[in-house]
Student: 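Supplied in structure tokens, the structure appears directly below.
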Amino acid sequence: MSKALPVPAKRNLPSKEGTLFKELLTLYETRQLKKGLKTADQILKKFPEHGETICMKGLVLTHMGKREEGIDLVKKGVKLDLTSHIVWHVFGLIQKGEKNYEEALKSYTQALRFDKENLNILRDAAQLQTQLRLFDALVETRHTLLRIRPTLRQHWIALAVAYHLNGNLLEAQKTLEHYERTLKNVADYDIEHSETLLYHVQILEDMENYSEALSLLDMNSKSRAIIDRTAIMEYRARLLSKLKSDEAEHAWRALIEHNPDCYDYYRGYLLNHGLSLENPGPEALDILRQFSSQLPKATAPRRLALTIAAGDQFRGLAKSYLNIGLTKGIPSLFVDVKSLYTDTSKRDIIEELVEAARIEFTPSPEAPSSSKDSDPTTYLWTLYFLAQHHSYLGRSRRALETIEVALQHTPTLPELHTCKGRILKRAGNLLGAAKCVNDARLLDGQDRFLNTSRDSQVFNEIEDDQLVKWEDKLRSHPGYVKAALSASRIYVAIHDDPSIATAITSSPQLTDAEKKAKKKAKKAAQKVQDDPKKGNKILHSHVKICPTPSANEDKGLEPVHPKDDDPEGLKLIGVPDPLEKAAKFLQPLTTLATDNIEVWSVVYDVAIRRKKYLQALQALNYARSISPEHPEVHFRSMHFRQAIDAVSAEPPVPVGPLLKESAHKLVPEGLSILTFNGQFLQHHVSEPLAVLATAKVAHTLKEPVQEVEQVVFSVLGESLELDIPTALKVVEFLTEIKSGRVEEFRDACDKRFEISTVFKPVAELEALKKETLSGDEEDGEEDSPPI
């Protein structure tokens with residue numbers, strides 16, 4: 001056992017300074033920062049090496065925004081008094097503010113060595129143990145807190161939650177029962193007590209003790225100890241269903257009447273009857289139609305019925321649903337029903353019905369009010385729906401024609417301009433899309449959505465919330481998945497061709513005009529900085545100015561708006577090991593996005609380049625289990641076979657034989673890779689992505705470039721439904737193999753996709769960009785109020 005460090009004599013303060021130090025702690029807790037700083041300076045004037053005071057001064061300065069100075073003082077204070085729980089606690093708070101949770105927890109643990117029953121430190125430690133998923137340690141910490149203060153309700157609940165997180169539901173139940181037995185004279189309508197009882201019911205339900213959970217719920221709802229009436233109804237319906245009680249149907253009906261537009265209530269009602277939306281029977285549709293009749297204002301049963309119905313039944317229900325949405329002018333109607341498009345017959349019926357509605361609602365030139373006295377906006381929203389419909393199906397020309405008619409009808413509706421922007425974006429005209437969104441922004445400058453739509457931003461993960469279940473699934477968000485895959489592909493490209501990073505990170509040669517514009521922008525920024533009043537005046541014309549912060553303002557422990565020392569991402573591009581960075585981005589996706597074939601494809605790309613053949617094989621097997629005929633899977637399967645055949649030194653047993661066996665199974669016995677690749681092309685000759693995949697395989701087999709080009713150019717056939725993303729992938733591939741026919745393919749795509757600008761020559765694209773930007777500047781000047 002290590003010898004305890006001695007308490008330094010310089011920690012002990014005389015009575016006067018000791019009182020001042022206690023006052024300093026109080027001032028910090030009440031966030032009287034300016035007074036706290038003066039008090040710390042008073043103590044340090046006589047005792048300049050008092051570690052605890054130095055740490056507290058550093059903590060106060062950090063809260064006041066003087067971060068670097070504050071952190072330096074905290075580190076100095078720790079060195080001066082290594083046996084003080086205060087200095088270690090402060091150091092932990094600083095580390096937590098920097099999101100260095102592991103080190104912060106170590107500091108709290110060190111602080112607890114010298115003050116084992118400090119409530120503040122124990123609470124802070126428990127929070128970080130939850131954050132870091134150290135649930136065994138969390139249970140121990142919560143036990144300590146409860147032992148020290150058994151009269152505090154929060155300590156009982158926190159211990160039950162700790163057991164729950166640790167998977168010990170029985171102990172969580174016992175903790176709650178023990179807590180409830182200690183209660184006396186609970187006040188009426190105590191919300192916290194009500195939530196605790198509901199949590200107890202939840203624990204029992206999770207333990208499958210349904211009868212006990214129902215008894216606890218009924219007893220406490222009758223006594224009005226549980227006051228959340230909606231929660232009572234939800235728990236009761238769910239528990240009665242699980243107990244297969246006859247009362248369950250009435251309970252679900254009561255819930256549906258309570259909130260007729262909650263989809264979950266209808267699902268619960270159907271499930272109670274042994275039905276589901278995934279595998280519905282005719283009874284399910286009858287039930288939903290009954291609810292639609294009984295609750296005519298409810299949308300949910302009518303929308304759920306569309307999911308179940310088919311044929312003429314669907315036609316009748318869809319006509320009513322769509323007409324109501326169009327006459328009410330619901331902008332989100334298309335977003336609501338587009339999930340039905342997975343069934344092509346339903347998609348065609350919807351198109352037919354809305355086209356019929358467009359004809360019906362079209363105002364007559366001779367008698368504008370002749371279309372059954374319908375509101376003119378009904379016609380407008382019908383056009384809006386159809387424009388989105390055609391764009392979603394890839395009919396960009398029809399979508400643009402439709403939205404132009406809508407804009408002629410009502411040119412001041414921002415939604416029409418944003419819709420046109422989305423159509424142009426999907427059609428490959430990004431410049432036109434940006435201009436349309438800007439037009440919408442200028443029509444409604446107060447719309448925060450429009451003011452943020454113009455600049456797309458990458459999704460950043462947020463991990464500060466203690467909602468554990470939500471946080472554990474955070475990286476499964478489509479935004480993160482898309483960003484992580486894009487970043488990983490970039491790193492793979494940089495690994496394959498390091499000159500990409502060199503070209504990007506090297507300083508570009510600016511033209512005289514660019515140098516002049518840069519100098520002008522820098523001068524304007526400096527002018528605002530030198531003259532704050534003028535800067536505020538400029539800002540005041542657009543936004544409300546916050547009052548000047550006081551010296552006592554608490555700026556928190558986290559860095560506030562840290563300066564981005566890499567605004568263009570050049571340091572991210574120039575990392576020494578791009579594959580390692582890609583692997584870190586992909587790691588969470590291997591558990592949270594297991595059904596995404598793109599994830600496994602990129603995981604394979606990274607693993608095979610790192611020569612982690614088992615990991616590459618695992619990724620390939622996952623991808624093949626999802627879709628063995630997918631073009632990306634075919635290409636990587638053939639790539640893996642070639643990679644294993646080319647390994648010079650076979651890995652040791654059992655890895656080597658396993659890799660060989662798995663690789664050879666990818667191609668049927670007796671066939672060469674080239675022959676098998678040709679057979680794949682014959683089976684998927686009408687699929688552009690499959691054609692591209694076979695061309696890639698042919699290139700890796702060292703087939704003549706002319707033959708590879710011939711395969712690739714077949715995607716331009718009239719019978720193939722080539723889209724812009726696939727065409728861009730073809731351009732990328734042709735460029736990669738240094739084909740001499742890249743411009744020929746771009747020109748063919750430019751003619752095929754008339755609306756798109758992405759295939760135009762560089763000079764023409766630059767001219768379009770300047771034209772768009774100059775137009776935006778003119779619009780901006782007209783929109784800005786005078787200064």
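Quantities reported herein were computed from a predicted structural model and do not represent experimental measurements.
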Student: Between Glu732 and Lys729, is the closest basic N to carboxylate O distance under 4.0 Å?
Tutor: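 No salt bridge links Lys729 with Glu732.
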
Student: Might you point out which heavy atoms bring Phe680 and Ala690 nearest each other, and give the distance in Å?
Tutor: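 Looks like CE2-CB, 3.9 Å.
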
Student: Please assess Leu393 against Arg347 for the test side-chain contact (heavy atoms from CB on, under 4.5 Å), listing each intermediate value before the final yes or no.
Tutor: CA-CA 10 Å; Leu393 297 178; Arg347 181 192 69 195; 3.5 Å; yes

Student: Using modelled atom types only, decide if a donor and an acceptor are shared between the side chain of Thr726 and the backbone of Leu722 within a distance under 3.5 Å.
Tutor: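 Between the backbone of Leu722 and the side chain of Thr726 there is no qualifying donor-acceptor contact (under 3.5 Å).
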
Student: Ignoring hydrogens, what is the shortest heavy-atom contact between Val731 and Thr735? Give both atom names and the distance.
Tutor: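 In this case the closest contact between Val731 and Thr735 is O-OG1, 2.8 Å.
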
Student: Is any side-chain heavy atom of His417 closer than 4.5 Å to one of Val437?
Tutor: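 When only atoms from C-beta onward are counted, His417 and Val437 do not touch, as no gap falls below 4.5 Å.
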
Student: Name the residue from Arg395, Arg315, Lys346 that meets the salt bridge (Lys or Arg N to Asp or Glu O under 4.0 Å) definition with Glu351.
Tutor: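 Per the salt bridge (Lys or Arg N to Asp or Glu O under 4.0 Å) rule, the option paired with Glu351 is Arg395, out of Arg395, Arg315, Lys346.
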
Student: Show me the pairs that pass salt bridge (Lys or Arg N to Asp or Glu O under 4.0 Å) and involve residues 664-687, at least two apart or across chains.
Tutor: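 Only Glu661-Lys665 qualify under salt bridge (Lys or Arg N to Asp or Glu O under 4.0 Å).
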
Student: Checking side-chain polar atoms at under 3.5 Å, does Asn438 have a donor or acceptor matched by the opposite partner on Arg441?
Tutor: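 Side-chain D/A pair, Asn438 to Arg441: present.
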
Student: Could you tell me whether Lys660 atom NZ has more than 12 heavy atoms of other residues or ligands within 6.0 Å of it?
Tutor: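 Check passes, neighbour count above 12.
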
Student: How far apart are the C-alpha atoms of Val708 and Leu734, what are their side-chain angles, what is the distance that settles it, and do they pass the side-chain contact (heavy atoms from CB on, under 4.5 Å) test?
Tutor: CA-CA 9 Å; Val708 175; Leu734 289 172; over 6 Å; no

Student: Throw together a table of side-chain donor-acceptor distances under 3.5 angstrom for residues 333-341, partners on residues two or more places apart or in other chains.
Tutor:
| residue | atom | partner | partner atom | Å |
| --- | --- | --- | --- | --- |
| Asp336 | OD1 | Arg303 | NE | 3.1 |
| Asp336 | OD2 | Tyr321 | OH | 2.4 |
| Ser339 | OG | Arg303 | NH2 | 2.9 |
| Tyr341 | OH | His389 | ND1 | 2.7 |

Student: Ignoring hydrogens, what is the shortest heavy-atom contact between Val354 and Thr382? Give both atom names and the distance.
Tutor: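 So the minimum-distance heavy-atom pair works out to O-CG2, 3.7 Å.
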
Student: Out of the candidates His634, His630, Arg636, only one should pair with Glu632 under the side-chain hydrogen bond (donor to acceptor under 3.5 Å, both in side chains) rule; please name it.
Tutor: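 Output: one option passes, namely Arg636.
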
Student: Could you state the interatomic distance from CD1 (Ile494) to NZ (Lys581), rounded to the nearest 0.5 Å?
Tutor: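 So the CD1 of Ile494 and the NZ of Lys581 are separated by 11.0 Å.
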
Student: What verdict does the salt bridge (Lys or Arg N to Asp or Glu O under 4.0 Å) test give for Arg398 and Glu401, after you've listed the backbone C-alpha separation in whole Å, the side-chain angles of each residue and the deciding distance to 0.1 Å?
Tutor: CA-CA 5 Å; Arg398 287 188 67 181; Glu401 290 171 355; 5.9 Å; no

Student: Test Phe759 against Leu728 for side-chain contact (heavy atoms from CB on, under 4.5 Å), laying out the working first.
Tutor: CA-CA 8 Å; Phe759 299 105; Leu728 288 172; 3.7 Å; yes

Student: Measure the NE2-OG1 distance between His699 and Thr694 for me, rounded to the nearest 0.5 Å.
Tutor: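 Here the rounded value is 13.5 Å.
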
Student: Answer whether the closest heavy-atom distance between the side chains of Phe314 and Leu306 falls below 4.5 Å.
Tutor: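 Yes, their side chains come closer than 4.5 Å.
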
Student: Using a 6.0 Å cut-off, check whether atom NE2 of His664 has over 12 heavy atoms from anything other than its own residue.
Tutor: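 Buried by this count: over 12 neighbours within 6.0 Å.
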
Student: Please say whether more than 12 non-hydrogen atoms of neighbouring residues, nucleotides or ligands are located less than 6.0 Å from CD in Gln679.
Tutor: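 Counting other residues, nucleotides and ligands, CD of Gln679 exceeds 12 neighbours.
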
Student: Is Tyr613 atom OH crowded by more than 12 heavy atoms from other residues, nucleotides or ligands, each under 6.0 Å away?
Tutor: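 Counting other residues, nucleotides and ligands, OH of Tyr613 exceeds 12 neighbours.
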
Student: Is there side-chain contact between Ser637 and Val633, with at least one heavy-atom pair below 4.5 Å?
Tutor: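 They are in side-chain contact.
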
Student: Can a salt bridge be assigned to the pair Arg746 and Asp750 using a cut-off of 4.0 Å between side-chain N and carboxylate O?
Tutor: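 Here Arg746 does not pair with Asp750 in a salt bridge, since their nearest N and O are not under 4.0 Å apart.
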
Student: Indicate yes or no: at least one non-hydrogen side-chain atom of Cys749 is less than 4.5 angstrom from one of Leu716.
Tutor: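 Yes; the side chains approach each other to less than 4.5 Å.
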
Student: If I compare all heavy atoms of Val758 with all of Gly428, which pair ends up nearest, and what's the gap?
Tutor: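 Where Val758 meets Gly428 most closely, the heavy atoms are CG1-O, 3.2 Å.
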
Student: With sequence neighbours left out, which residue pairs that include part of residues 692-712 fulfil the salt bridge (Lys or Arg N to Asp or Glu O under 4.0 Å) condition?
Tutor: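 Pairs touching residues 692-712 that pass the test: none.
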
Student: Aromatic rings Phe745 and Phe713: how do their planes relate, parallel, tilted or perpendicular, breaks at 30° and 60°?
Tutor: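 Ring orientation, 0 to 90° scale: perpendicular.
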
Student: To check you understand the geometry: which heavy-atom pair defines the closest contact between Val715 and Pro688, and what is its length?
Tutor: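 Heavy-atom minimum between the residues: CG1-O, 3.9 Å.
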
Student: Decide whether Arg422 and Ser391 meet the rule of one side-chain donor and one side-chain acceptor closer than 3.5 Å.
Tutor: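 On atom types as modelled, these side chains do not qualify, holding no pair under 3.5 Å.
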
Student: Look at Arg489 together with Asp605 and state whether they make a salt bridge at an N to O cut-off of under 4.0 Å.
Tutor: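 Judged by the 4.0 Å cut-off on N to carboxylate O distance, Arg489 and Asp605 do not form a salt bridge.
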
Student: Could you check if a side-chain atom of His495 sits within less than 4.5 angstrom of a side-chain atom of Val606, using non-hydrogen atoms only?
Tutor: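 No, their side chains stay 4.5 Å or more apart.
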
Student: Going through the distances and angles, do Asp645 and Arg641 end up as a salt bridge (Lys or Arg N to Asp or Glu O under 4.0 Å)?
Tutor: CA-CA 6 Å; Asp645 287 347; Arg641 168 67 183 268; 3.0 Å; yes

Student: Answer yes or no: is there a side-chain heavy-atom contact under 4.5 Å between Ile490 and Ile573?
Tutor: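 The answer is yes, as the side chains (C-beta and beyond) meet within the 4.5 Å cut-off.
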
Student: Could you check if a side-chain atom of Arg609 sits within less than 4.5 angstrom of a side-chain atom of Asp496, using non-hydrogen atoms only?
Tutor: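 Yes, side chains in contact.
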
Student: Once rounded to the nearest 0.5 Å, what's the spacing between atom OG1 of Thr594 and atom CD1 of Ile626?
Tutor: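 Here the rounded value is 7.0 Å.
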
Student: If you look at every heavy atom in Val481 and Ala593, which pair is closest and at what distance?
Tutor: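 Looking at all heavy atoms of both residues, the shortest contact is CG2-CB, 4.5 Å.
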
Student: Should the pair Glu355-Arg358 be classified as a salt bridge under the 4.0 Å nitrogen-to-oxygen rule?
Tutor: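 Yes, Glu355 and Arg358 are salt-bridged.
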
Student: Does the side chain of Ile644 come within less than 4.5 Å of Leu617's, by heavy atoms?
Tutor: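 A side-chain contact is absent here, since even the closest heavy-atom pair is not under 4.5 Å.
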
Student: Just do the side-chain contact (heavy atoms from CB on, under 4.5 Å) check on Thr590 and Tyr622 with the steps written out, would you?
Tutor: CA-CA 10 Å; Thr590 59; Tyr622 268 113; over 6 Å; no

Student: Could you state the interatomic distance from OH (Tyr263) to OG1 (Thr307), rounded to the nearest 0.5 Å?
Tutor: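 Atom-to-atom, Tyr263:OH and Thr307:OG1 are 7.5 Å apart.
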
Student: If you round to the nearest 0.5 Å, how far is CZ of Phe676 from CG of Leu666?
Tutor: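 Leu666 atom CG to Phe676 atom CZ measures 8.5 Å (nearest 0.5 Å).
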
Student: Take the angle between the ring planes of Phe640 and Tyr604 and call it parallel below 30°, perpendicular above 60°, tilted in between.
Tutor: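 Judged by the thresholds at 30° and 60°, the geometry between Phe640 and Tyr604 is perpendicular.
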
Student: Counting only heavy atoms from other residues, nucleotides and ligands, does the tally under 6.0 Å from NZ of Lys425 exceed 12?
Tutor: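 No - once you tally the heavy atoms of other residues, nucleotides and ligands closer than 6.0 Å, there are 12 at most.
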
Student: From Leu416 CG over to Thr418 OG1, what is the distance, rounded to the nearest 0.5 angstrom?
Tutor: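 If we round to the nearest 0.5 Å, Leu416:CG and Thr418:OG1 are 7.5 Å apart.
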
